[in-house]
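A quick note: this is a predicted structure, and the numbers were derived from the prediction, not measured.
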Amino acid sequence: MGYRVGIDIGGTFTDFAQLVGSEVVLHKNLSTPEDRSVGVMSGLERLAQMGGMSLSTFLGQCDAIVHATTVADNTLIEMNGALTGLITTEGFRDEMEYRRGYKEDIWDVRLAPPQQITPRRRRLTVPERILADGSVYKPLDEDAVRECCRRLRKQNVESVAISLIFSFVNPVHERRVAQIVAQEMPGVHISSSHEVLPRAPEYDRTSTTVVNAYIAPRVTSYLEKLVDRLKQAGYRNRLMVMQASGGVMTREYLEGSPVRVLASGPAGGVIGSAHVGAAKGYPNLLCVDMGGTSYDMSVVLNGAAPATAGWNLHHRYLVGVPMVKVETLGAGGGSICHVNKGVLHVGPESAGAEPGPICYGRGGRRPTITDALLMLGILSADSDFAGGSFALRWDGVAEAFQDIANQLGYSAEEAAFDCWRVVNANMSQAVRRTTAGKGIDPKEMVMLAYGGNGPVFAGIQADDLGIGKVLVPKASPAFSALGTLAAKPSIDEERSHVAAASHLDVEKLRALWEELDQRAGKYFAEAGFSRRDVTARYQLNMRYPGQNWSLTFDIRTNKGLQDLSFVTASIGPEAIAAFNERHMEEFGHIREGEGPQITGVRLVTYVDTPVPAVPSGFGAPAVAAKAGGTRRANLGGGYGETQVFLGSDLRPGHEVAGPALIEESFTTIVVYPGWKARVDDAGDYELTRIDSRQ
């Protein structure tokens, strides 16, 4: 019997979701930062054991493995990427540092710029110039390229980014530079901007290419190692990798631009949220994911989580590839609690998987949110943790919070409670900033909480934000891994072409879309998908003259064989009408009398694959669930005996009134006072506020 496995590596845990027919099997094990493929293989072996199979038999019957990796993100966070150099056009050496004048906080005069990936000594230029129409104004000085290689070799550069002006229009010079670099610097990784991000403007393209060069050796090395281990263990199909755009594609496609896997784990969770929300009749969601290291928040509107290309800042570096919008805060179960100048802080530093929180018993010495939850009775050393893979320990936990308490003048339990309050306030404020920036009122949304710690804080955050309903999928602890199984094999690429929409070069548009279509068809064919199964969404990027940003919209959708018959002289007026409608939706007005510009074409191609089934509704009659016991816990109103329910005992229709704790295999759902939880037909939880408290 075939099945599919989704994998998501987090800072603390590696999550697995196995889809067998309509049944989902979950597993979590600690991540292995020294070699993350070790944690992946050990988790797969555990899934095999759970199914009564050897690893080779299990992998031999596996139809697909879909993987979301944090290798790229961790490389940028830890700044341990490849020693990177940049070769660019003479006169554009400092493009990376200008950053278009952008500063994350314009009021902080002490805010330092991000750490340089390519210091000035490794940013070198060559005489050459191609004009906007693709003509060669100044030939490439090949001797200058060789001199750049000599200087970069002396600095032991491991990866070279190449970004020449207007190479996305005519890449002839950039291709030649890449050939010379390959000859002069054997073994070095090469990232060419016309392959990584073939569009304007030059800063976006250069920044994305430099980031790609910085992370590429780490990402490709990891994926190659994982693929080798999977093959040796018996896996015979291609490894599919989650992209930041919300789609998945083969490792071979991503080799040229591994920057596309940045934030792939959070993207999987958002895609899973959109899938579940649509099935349950909630198209507008506030998605919150709290794991061991970070807190990710995103918004699903009208059942979709669109990927935007352009001004995507990730870990303070601009990455112009399409990305599902996810805001990240350094707040998770492993976030370290500490006092600085008399003020209590939580995070952003995390204990991670090694050594982890104190209560893991793996050598941690600094108190974390997980330790605070143990102090508050929300977690218990007497209950199974992480699916029973290990038990929490009290050794050293109370003493660590007593150290904080001594600095603040109260008890260890009060210190743990204040850590809980601080991290919750940090997360709620982050949600307010994110939704306000999008013009969204959280009160009009349904919250969907996932991650190992998301269901712990969801109810109290909903109270803070005025949200009256919270969804917690039963698979929430490994929801991002499950989300990868809802993601479609997809390729999302674009090309620049600037022209007045009223005076279009129809043949040029057709040629650009045809190039993208053929490229997508090639990779889908290599992945084993027929062109007949590929859906193609032909899109245009447009703006009014003088606007900084373009709006993207569909102009035609086609399934099956390539069909560009719609690209005729009538496409100009059709594009203008569609753009004005889209502009009115986004900004509430159109500029009468102004002719918009086309700034580029985009092609989103995908294949529909089997997705996890999500039953909805409440067919079973409501009945009060029976508690499995009680324990002393503080859910915000002081310590008291609190009912504890086992998730394995709950069935559709069961209701739990707060204050209460529901212990699932890999998470704890906190039902705060004034709330109730009900199990729906899918076994998922719907939490509803039952009083008027805001």
Side-chain angles (χ1 to χ4, degrees), residues 246 266-267 269-290 295-308 323-329 331 424-451 454-473 476 479 483 486 551-553 581-589 614 616-618 636 658 669-678 680 682 684-694:
V270 182
I271 297 303
S273 297
H275 176 63
V276 169
K280 293 185 181 295
Y282 301 117
N284 299 319
L285 300 171
L286 173 64
C287 312
V288 295
D289 172 12
M290 186 180 183
Y295 176 80
D296 300 318
M297 70 212 95
S298 56
V299 172
V300 170
L301 296 175
N302 300 318
T308 57
M323 301 179 96
V324 172
K325 198 66 175 177
V326 179
E327 304 291 339
T328 299
L329 180 71
N424 183 67
N426 289 345
M427 293 186 289
S428 295
Q429 283 298 98
V431 170
R432 289 189 180 96
R433 288 194 300 269
T434 297
T435 53
K438 297 177 183 292
I440 295 170
D441 185 351
K443 295 179 182 179
E444 300 174 356
M445 310 291 283
V446 172
M447 179 180 284
L448 193 150
Y450 52 98
V456 174
F457 288 90
I460 195 66
Q461 285 176 37
D463 256 352
D464 291 345
L465 298 166
I467 295 173
K469 191 181 297 292
V470 177
L471 300 180
V472 179
S476 66
F479 197 67
L551 290 175
T552 301
F553 57 91
E581 181 180 350
R582 179 75 182 86
H583 200 276
M584 177 63 78
E585 291 175 356
E586 186 74 15
F587 301 113
H589 72 281
V614 183
S616 61
F618 291 91
I669 301 165
V670 180
V671 187
Y672 287 91
W675 286 75
K676 70 174 181 179
R678 186 176 176 185
D680 71 8
D684 301 329
Y685 296 90
E686 183 174 289
L687 279 64
T688 309
R689 188 191 293 117
I690 56 177
D691 67 13
S692 59
R693 186 159 52 106
Q694 297 295 323

Query raised in the report: Going through the checks in order, is the side chain to side chain contact (heavy atoms under 4.5 Å, CB included) test met by D289 and Y295?
Result: CA-CA 6 Å; D289 172 12; Y295 176 80; over 6 Å; no
What distance separates [X] [atom1] from [Y] [atom2], expressed to the nearest 0.5 Å?
X    : Y    : atom1 : atom2 : value
D441 : R432 : CG    : CZ    : 11.0 Å
Q429 : L465 : CD    : CG    : 9.0 Å
L286 : T434 : CG    : OG1   : 8.5 Å
E586 : L551 : CD    : CG    : 6.0 Å
K325 : E327 : NZ    : CD    : 5.5 Å

Closest approach of [X] to [Y] (non-hydrogen atoms, all atoms of both residues):
X    : Y    : result
P283 : G281 : CD-O, 3.4 Å
A458 : M447 : O-SD, 3.7 Å
C287 : S273 : SG-CB, 3.5 Å
S476 : P455 : OG-CG, 3.6 Å

Query raised in the report: Do side-chain atoms of N302 reach the backbone of A304 as a donor and acceptor pair under 3.5 angstrom?
Result: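 The answer is no, because no donor-acceptor pair under 3.5 Å joins these two groups.
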Query raised in the report: Counting distance only, does the side-chain N/O of S428 pair as donor-acceptor with the main-chain N or O of A425 below 3.5 Å?
Result: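 Not confirmed, S428 side chain does not pair with A425 backbone.
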Query raised in the report: Does the pair L285 and V299 meet the rule for a side chain to side chain contact (heavy atoms under 4.5 Å, CB included), with working shown?
Result: CA-CA 6 Å; L285 300 171; V299 172; over 6 Å; no
Flag the pair [X] / [Y] as yes when at least one side-chain heavy-atom distance between them is below 4.5 Å, and no otherwise.
X    : Y    : value
E585 : H583 : no
R678 : Y685 : no
V472 : D684 : no
L687 : K469 : no
R689 : D463 : yes
V446 : L471 : yes
P266 : V324 : no
T435 : M445 : no

Name the one of [options] that satisfies side chain to side chain contact (heavy atoms under 4.5 Å, CB included) with [X]?
X    : options          : answer
D296 : L329, V288, V326 : V326
V300 : L448, I271, V270 : V270
W675 : V470, I690, V670 : V470

Report task. Verify the distance criterion only: is there a donor paired with an acceptor across the side chains of Q461 and Y672 at less than 3.5 Å? Result ->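 Absent: no donor and acceptor within the cut-off.
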Requested in this report: Please work out which of the three classes, parallel, tilted or perpendicular, describes the rings of Y450 and F479, given edges at 30° and 60°.
Outcome: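 Answer is tilted, since the angle falls between 30° and 60°.
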**Report entry** Chi angles and distances behind the side chain to side chain contact (heavy atoms under 4.5 Å, CB included) call for I467, K443
**Finding:** CA-CA 5 Å; I467 295 173; K443 295 179 182 179; 5.7 Å; no
**Report entry** For K676, all residues meeting salt bridge (Lys or Arg N to Asp or Glu O under 4.0 Å), sequence neighbours excluded
**Finding:**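 With sequence neighbours excluded, K676 shows a salt bridge (Lys or Arg N to Asp or Glu O under 4.0 Å) to E655, given in chain and number order.
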Query - side chain to side chain contact (heavy atoms under 4.5 Å, CB included) evaluation trace for T688 with E686 - result: CA-CA 6 Å; T688 309; E686 183 174 289; 4.1 Å; yes
